[in-house]
Number of protein chains: 2
Amino acid sequence: MLYSTAYLEKRLADLQEKLRSEGLRITPQRRAILRALVMEQGHPTAEELHRSLLPEYPTMSLATVYKTITMLKHLGEVLELEFSRDNRFDGHNPRPHPHLICQGCGRILDPDVPGLAEMIDTLKESTGFSVTTHRLDFYGLCPDCKSNNKKDG
Amino acid sequence: MLYSTAYLEKRLADLQEKLRSEGLRITPQRRAILRALVMEQGHPTAEELHRSLLPEYPTMSLATVYKTITMLKHLGEVLELEFSRDNRFDGHNPRPHPHLICQGCGRILDPDVPGLAEMIDTLKESTGFSVTTHRLDFYGLCPDCKSNNKKDG
DNA sequence: TTATGTGCAAACAGTTTGCACATAA
DNA sequence: TTATGTGCAAACTGTTTGCACATAA
C-alpha cells in the first residue's frame, strides 16, 4: 500500500469535489475526516479515526465520524469491512477486493489475486447466480510475525 | 446442500460422542441444540435456532443457545460466519469454505470453487504470508430471485 | 437566512456474563 | 453428591438516532 503523496492529495481533492457536486457541505470536521481516511495507511476503525483526529479537533465527536463515513459509503467512496466487532474502512479503494490480514500484527494488505475474475465467472456459470460483489479475506501471518513467532517459540 | 438423513444422524451421533469424550454433559438442551444445528438446512442465526426450539422446549434460553454454540466452536465443530449483525452458524462443515449468498432471499450455499487451493498457494508465494484460514463470501442473486426480479421490474 | 451538520446523550441490538438454582453423571 | 449447566437479568460494545444548537453557503 504505497501511494505517493501526490496521488493521495488528488484523491482528497476529488472527494471534496464529489461532496461539492452533490450539494453536501464541506465542514472542518468533514475535511478532517476525509483527510484522515485518505492519508491513514491501512484500514482504520471508526474509533481509530476519531482518536487520531481528537488532538487537532478536540470537539470532534464519534457520532460525526460515523455519520461522515456513512455518507461516504452512500457515495460509493468508502468500503466498509464488517467484522463482528470493530468494522474497518478503506478510503482508497471502495470497490470490493481481497484482503490479506495478519493475525499477528493486525496489518491488512490488498494483495493481487490473479485469476479471481475467472474464478467468479466459473462460479456464475456453475451455480446460475449473478455474482455482484464479494468479501474475500485471507488470514495468516505476515513474514515479520512469522519470524518473531519463531524467536518467541 | 442435500445431506441424507442417515448422514445427518451420523453427524449428530458423532457430535454427542465428542461431547461425551470431552467429559461434557449431555443435557436435553444441548441435545436439542445439536439436533437443530445439524438438521437445520442452511446457516441459522442464534435467534433462529432459539425460535425453532422454543415450541418444543419452552424454557430454553437464548443464553444457553449462545453458550452451547460457543462450546461447539471451541471443539471445532461449528463455523461462525460473522456479519456485523446476526452472525450465522454452520454445523455441517466447520472448516472455512466459500459461501454464495443470495441478496434476494438470504439463502446461503456452499459452492464448489475449483482452483481455490492453488490460488491460496500462489498468494502465499507472492506475499510471503502463511495463509491459515479465510472467509470467502460471494454475493448476488440466485436463479429464482433473478427471475422474480424480472417479473417485478 | 436557512437548510444542513455537529455533538451530546440516550437508544439499540447482538452477544456475553454473574449468579442462584437445577441436574447429569 | 457435586461439578457442571441452565435461565434470568444485567452488563457490554459498536453503532445509530433524536434533538437543540451551530454554521456553511
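Letters go in sequence order (proteins before strands), and every chain restarts at 1. In what follows, every heavy atom counts, from backbone to side chain, and hydrogens, waters and symmetry copies are set aside. These figures come from a predicted structure and were not determined experimentally.
- Looking only at distances, a side-chain donor or acceptor of B:K146 sits under 3.5 Å from a matching main-chain atom of A:G128.
- In this structure, the side chain of B:R11 engages the main chain of B:G91 through a donor-acceptor pair within 3.5 Å.
- In this structure a side-chain-to-backbone donor-acceptor pair under 3.5 Å is missing from B:R35 to B:R30.
- Each of B:R25 and B:A63 lies near DNA chain C, and the nucleotide nearest B:A63 is the one positioned closer to the 5' end.
- Remark: aromatic rings of A:H97 and A:H134 are distant, center separation not under 6.0 Å.
- Residue A:T64 has its side chain nearest to C:dG7 when only C:dG7, D:dA25, C:dT16 are considered.
- Nucleotide D:dA11 holds its C1' atom 12 Å from the CZ atom of A:R85, rounded to whole Å.
- Base pairing of C:dA13: its partner is D:dT13, meeting the Watson-Crick or G-U wobble criterion (both donor-acceptor distances under 3.5 Å).
- Here C:dG7 presents its C1' atom at 14 Å from CZ of A:R30, a figure rounded to the nearest Å.
- Comparing C:dT23, D:dA24, D:dA9 against the side chain of A:P28 picks out D:dA24 as the nearest.
- At a threshold of 4.0 Å, the pair B:E80-B:R88 does not count as salt-bridged, since none of the basic side-chain nitrogens sits closer than that to a carboxylate oxygen.
- A heavy atom closer than 4.0 Å to some atom of DNA chain C occurs in A:T59, A:M60, A:S61, these being the qualifying members of residues 49-62 of chain A.
- A straight line from CG of B:L24 to C1' of D:dT6 spans 15 Å, rounded to a whole angstrom.
- When each of A:N87 and A:I26 is assigned the nucleotide of DNA chain D with its nearest heavy atom, A:N87 is the one assigned upstream, toward the 5' end.
- What separates CD of B:Q29 from P of C:dA24 is a distance of 8 Å, to the nearest Å.
- What separates CD1 of A:I69 from C1' of C:dT6 is a distance of 15 Å, to the nearest Å.
- Residues A:H92 and A:Y3 bring their aromatic ring centres within 6.0 Å.
- Using N1 to N3 plus N6-O4 or O6-N4 for Watson-Crick, or N1-O2 and O6-N3 for G-U wobble, each under 3.5 Å, D:dT23 pairs with C:dA3.
- For the pair B:E47 CD and C:dG14 C1', the computed distance is 8 Å after rounding to whole Å.
- Atom-to-atom, CZ of A:R20 to P of D:dA25 comes out at 8 Å; the value is rounded to the nearest Å.
- Of the side-chain N and O atoms in B:T27, one or more sit less than 4.0 angstrom from OP1 or OP2 of D:dT6.
- B:E17 places no side-chain N or O within 3.5 Å of a backbone atom of B:D14 that could act as its donor or acceptor partner.
- In this entry the distance linking NZ of B:K67 with C1' of C:dC19 reads 9 Å, nearest Å.
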